[in-house]
A.B. asks: 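Structure in structure tokens, see below.
The structure displayed is predicted, hence computed values, not measured ones. Sequential numbering from 1 along the given sequence is applied to the chain's residues.
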Amino acid sequence: MEGGSARRARLLPWVWPVLLTVLITVPLLAPGYVVGYDLVFVPDLTLRLDLFGVTTALPRAVPSDVLVALLDEVSGGQFLDKVVLVAVPLLAGFGMTALWRELRLGGPLAGCAAVTLYVWNPFVAERLRLGAWALLLGYAALPWLVRSALKVRRGEGWAGFLLASAGCALTASGGLTGLLVAALILLWPARGRVWPLAGAALLNAPWLVAGLARSSAATSDPAAVSAFAARDEGYGGVLPTLLTLGGVWNADVVPASRGDLVPLVLGFAILLVSVIGVVIWWRQDRLAAPLVVAAVVSVAIGMAGVLFPDAFARVVEVVPGAGLFRDGQRYLGPLVLLEAVGFGAAVAALLRVVPLKWLVGATAALMPIAALPGLAGGGGMKVSDYPADWAQARQVLASDTRPGEFIPWPFESYRAPGWNGRRPVLDPMPRYFSKPSIVPDELIVGGHRLAGEDPRALAIATALRAAARTGADPTPVLLEQGVGWLVVDREAGGPSPRELVPQVTELFSGPSVTIYRVPGTPAEQEVRPWAVVLILAAWAAAGAILVAAILAPIFRRTTARSTL
């Protein structure tokens, strides 16, 4: 009997992430697509050279779009959409369970408390609503990365470390976070093998090299610093909001309960318990120090745009790549990880001295859920489907053999389409249609238009605004920038293309989308061979590292069997 009870206790931390995942995602698994803000999956993302970052635009979706284009050939975009939604909480929970067992700070009940806080918190809820799926997969990889880095310090296998680093490297911000955490653990104090860090750096090469190979400087609009700065959500200031794991720049994605009395009290209670637990962990194992430092750095990045907005604005205006840090709240992953481990450590210490251990442990494990009930059912995300005429329009556009790229119309980044319940979403057309496109990258935040970084998109936007204001024909500018088609979202409003671009030819007209051909021959855009070679070499290096990490355990097992 006792043996069965012990087995159930050991299994609980592995079952608990599954239950949390079910609670979050079940309504989202109905047929259809979950799209919102940057979460945009389409039936078939065509693998094209521009997905590798061989354009004038910043490589914001490198390497994630390439991986999606490869994987949806096997599973289809709708299935991949569901897999991602399930994978984020499930891998995060399993990762925290594995890390908890590695750290040996307490029993399974305390481990469940740590798992709950890591899976169920405002950072996850807000970033999920923003559609930051690739960033959240990197977040889910963080506990696996910490666990494998600790193993590397002891001289054990490096394959798990590189696989976890690859998970973090799906985005630039996730890759930088993973490199920071890995470097601190492997080098604190000067111990362990350093060379795996080089492998982790190579796994980030696809987005890094694509950014460096751009033809124009990757600087950002200085106004973006204040627009994307962390916000107070009713917790007494930006710093307390960040410490309670919220603070996203977009007020529309903040859970409705944030700042209410009960969630506020529970949020600060969880923070207090986590701090106590971190102190306990520090006293038991000084390897807590690297994670403490990483968490402090993450908070400092989150506060930079609040404390030093003018200085930071000057930096992003002149330093290429500094715009990566304008949305500082997205770097909070190490803080969440530290607080989750600390929360579990404090609960473990409490369970050693109190009666009714199961009741106390269950209460602690449910506290993060009580503090954020709105995450249940997907936190407001819904299932929808693309209009039927989009598939027809895709075939028509693909069959046109003229060279050139298309632009979405209106030439704006985000939509709030009726087929998606008027929920904002990054325009899906550049991903849905198979031909390459020039993507508008200006953003409207708080009623203010922020300049983009792509010179081609800027030239097109400027010409279209001039046409609306003065009646000047934008066709020469469109052709010069390589535009061959206008793909019109009919329900998005705005002027008709025929009002601004004379003599366009209609190729397709459906209830929700119309395609026009721009008269004339689009200019062929220069692709610098050396940039293509560098980018493909970066992909080859990252791929080789990943394949080596996957095959290394298989090779070791095969060698061990042959030795026996």
A.B. asks: If the threshold is 4.0 Å, N to carboxylate O, is there a salt bridge linking Arg326 and Asp221?
C.D. replies: no
A.B. asks: Taking all atoms of both residues into account, what is the closest heavy-atom pair of Ser384 and Val35, and its distance?
C.D. replies: OG-CG2, 3.9 Å
A.B. asks: Flag the pair Arg422 and Glu491 as a salt bridge only when some basic side-chain nitrogen lies within less than 4.0 angstrom of an acidic carboxylate oxygen.
C.D. replies: yes
A.B. asks: Does Thr55 form a side-chain hydrogen bond (donor to acceptor under 3.5 Å, both in side chains) with Asp50? I'd like the steps, not just the answer.
C.D. replies: CA-CA 6 Å; Thr55 65; Asp50 60 296; over 6 Å; no
A.B. asks: Could you tell me whether the side chains of Ser512 and Trp390 share a donor-acceptor contact shorter than 3.5 Å?
C.D. replies: yes
A.B. asks: What I want to find out is whether Glu126 reaches Arg231 closely enough, with some N-O distance under 4.0 Å, to be called a salt bridge.
C.D. replies: no
A.B. asks: Determine the interplanar angle of the Tyr139 and Phe123 rings, folded into 0 to 90°, and report it as parallel if under 30°, tilted if 30 to 60°, perpendicular if over 60°.
C.D. replies: tilted
A.B. asks: Pick out which of Leu507, Val504, Asp400 makes a side chain to side chain contact (heavy atoms under 4.5 Å, CB included) with Ile515.
C.D. replies: Leu507
A.B. asks: Quick one, Val26 and Thr21 - any side-chain contact, counting heavy atoms below 4.5 Å?
C.D. replies: no
A.B. asks: Do the side chain of Asp310 and the main chain of Ala313 share a donor and acceptor less than 3.5 angstrom apart?
C.D. replies: no
A.B. asks: Judged by atom type as modelled, is there a donor-acceptor pair below 3.5 Å linking the side chain of Asp389 to the main-chain atoms of Gln392?
C.D. replies: no
A.B. asks: Are Leu28 and Asp81 packed together at the side-chain level, in the sense that at least one heavy-atom pair is separated by less than 4.5 angstrom?
C.D. replies: no
A.B. asks: Are the ring centres of Tyr331 and Phe325 closer than 6.0 Å?
C.D. replies: yes
A.B. asks: Test side chain to side chain contact (heavy atoms under 4.5 Å, CB included) on Thr171 and Trp207 and set out the steps.
C.D. replies: CA-CA 8 Å; Thr171 64; Trp207 64 262; over 6 Å; no
A.B. asks: Nearest 0.5 Å please: distance from the CG atom of Leu85 over to the CD1 atom of Ile24.
C.D. replies: 10.5 Å
A.B. asks: Within a strict 4.5 Å, meaning less than it, do heavy atoms of the Trp120 and Val124 side chains meet?
C.D. replies: no
A.B. asks: Spell out, as yes or no, whether a donor-acceptor pair under 3.5 Å connects the side chain of Gln78 to the backbone of Tyr33.
C.D. replies: no
A.B. asks: Show your reasoning for whether side chain to side chain contact (heavy atoms under 4.5 Å, CB included) applies to Leu145 and Ser165.
C.D. replies: CA-CA 6 Å; Leu145 180 66; Ser165 297; 3.4 Å; yes
A.B. asks: So, Arg330 side chain and Leu135 main chain: donor-acceptor pair closer than 3.5 Å or not?
C.D. replies: no
A.B. asks: Looking only at non-hydrogen atoms, find the nearest pair between Leu202 and Ala541 and report the distance.
C.D. replies: CD2-CB, 4.2 Å
A.B. asks: Distance-only, no hydrogens or angles: does the Gln329 side chain make a donor-acceptor pair with backbone N or O of Gly246 under 3.5 Å?
C.D. replies: yes
A.B. asks: Looking at Arg48 and Glu405, is there a salt bridge between them, counting it only when a charged N and a carboxylate O are closer than 4.0 Å?
C.D. replies: no
A.B. asks: Less than 4.5 Å apart, any side-chain heavy atom of Leu372 and any of Ser257?
C.D. replies: yes
A.B. asks: Nearest 0.5 Å please: distance from the CG atom of Leu180 over to the CG atom of Leu176.
C.D. replies: 9.0 Å
A.B. asks: Would you check, one step at a time, whether the test side chain to side chain contact (heavy atoms under 4.5 Å, CB included) holds for Asp454 with Leu58?
C.D. replies: CA-CA 7 Å; Asp454 184 356; Leu58 276 179; over 6 Å; no
A.B. asks: For the pair Thr241 (side chain) and Glu233 (backbone), establish whether a donor and an acceptor sit closer than 3.5 Å, ignoring hydrogens and angles.
C.D. replies: yes
A.B. asks: State, to 0.1 Å, how close Ala457 and Phe411 come at their nearest heavy-atom pair, and which atoms those are.
C.D. replies: O-CE2, 3.5 Å
A.B. asks: Should the heavy atoms of other residues, nucleotides or ligands under 6.0 Å from CD of Gln503 be counted, would the total exceed 12?
C.D. replies: no
A.B. asks: Does Trp409 reach the main-chain N or O of Pro495 with its side chain, forming a donor-acceptor pair under 3.5 Å?
C.D. replies: yes
A.B. asks: Any donor-acceptor pair under 3.5 Å linking the side chain of Glu73 with the backbone of Thr46?
C.D. replies: no
A.B. asks: With distance as the sole test, does Lys82 use its side chain to make a donor-acceptor pair with the main-chain N or O of Val34 at under 3.5 Å?
C.D. replies: no
A.B. asks: Just verifying a value: how many Å separate Asp489 CG and Thr514 OG1, rounded to the nearest 0.5 Å?
C.D. replies: 9.5 Å
A.B. asks: What is the minimum heavy-atom distance between Gly175 and Asn204, and which atoms define it?
C.D. replies: CA-OD1, 3.0 Å
A.B. asks: Quick one: pull up CD in Glu442 and CZ in Arg449 and give me the separation to the nearest 0.5 Å.
C.D. replies: 5.0 Å
A.B. asks: Quickly, which of Tyr432, Phe433, Phe508 forms a ring-ring contact (aromatic ring centres under 6.0 Å, His included) with Phe406? Name it, please.
C.D. replies: Phe433
A.B. asks: Atom CG in Leu130, atom CG in Leu426: separation rounded to 0.5 Å?
C.D. replies: 11.5 Å
A.B. asks: Find out whether Asn121 and Pro368 are in side-chain contact, i.e. whether some heavy atom of one side chain is under 4.5 Å from a heavy atom of the other.
C.D. replies: no
A.B. asks: Given the rule in the salt bridge (charged side-chain N to carboxylate O under 4.0 Å, His left out) test, do Arg127 and Asp327 qualify, once you have shown the distances and angles that lead to the verdict?
C.D. replies: CA-CA 12 Å; Arg127 290 293 157 177; Asp327 178 7; 2.9 Å; yes
A.B. asks: What pair of heavy atoms forms the shortest contact from Val383 to Gly32, and how long is it?
C.D. replies: CG1-CA, 3.5 Å
A.B. asks: To the nearest 0.5 angstrom, please state how far the CD atom of Glu524 sits from the OG1 atom of Thr521.
C.D. replies: 11.5 Å
A.B. asks: Does a side chain donor of either Arg490 or Ser509 reach within less than 3.5 Å of an acceptor in the other side chain?
C.D. replies: yes
A.B. asks: Side chains of Arg258 and Thr244: is there a donor and an acceptor less than 3.5 Å apart?
C.D. replies: yes
A.B. asks: Check Leu142 against Pro334 and note the closest heavy-atom contact, atom names and distance.
C.D. replies: CD1-N, 3.9 Å
A.B. asks: Could you please spell out the steps behind the side chain to side chain contact (heavy atoms under 4.5 Å, CB included) verdict for Val66 and Leu47?
C.D. replies: CA-CA 7 Å; Val66 172; Leu47 185 64; 4.1 Å; yes
A.B. asks: Is any side-chain heavy atom of Leu51 less than 4.5 Å from a side-chain heavy atom of Leu45?
C.D. replies: yes
A.B. asks: Can you find a heavy atom in the side chain of Arg129 that is under 4.5 Å from one in the side chain of Arg423?
C.D. replies: no
A.B. asks: Hey, mind stepping through Asp38 and Tyr414 against side-chain hydrogen bond (donor to acceptor under 3.5 Å, both in side chains) and telling me if it holds?
C.D. replies: CA-CA 9 Å; Asp38 294 344; Tyr414 283 84; 2.6 Å; yes
A.B. asks: Could you check if a side-chain atom of Val336 sits within less than 4.5 angstrom of a side-chain atom of Tyr118, using non-hydrogen atoms only?
C.D. replies: yes
A.B. asks: Is a side-chain N or O of Trp539 found less than 3.5 angstrom from the main chain of Pro63, in a donor-acceptor match?
C.D. replies: no
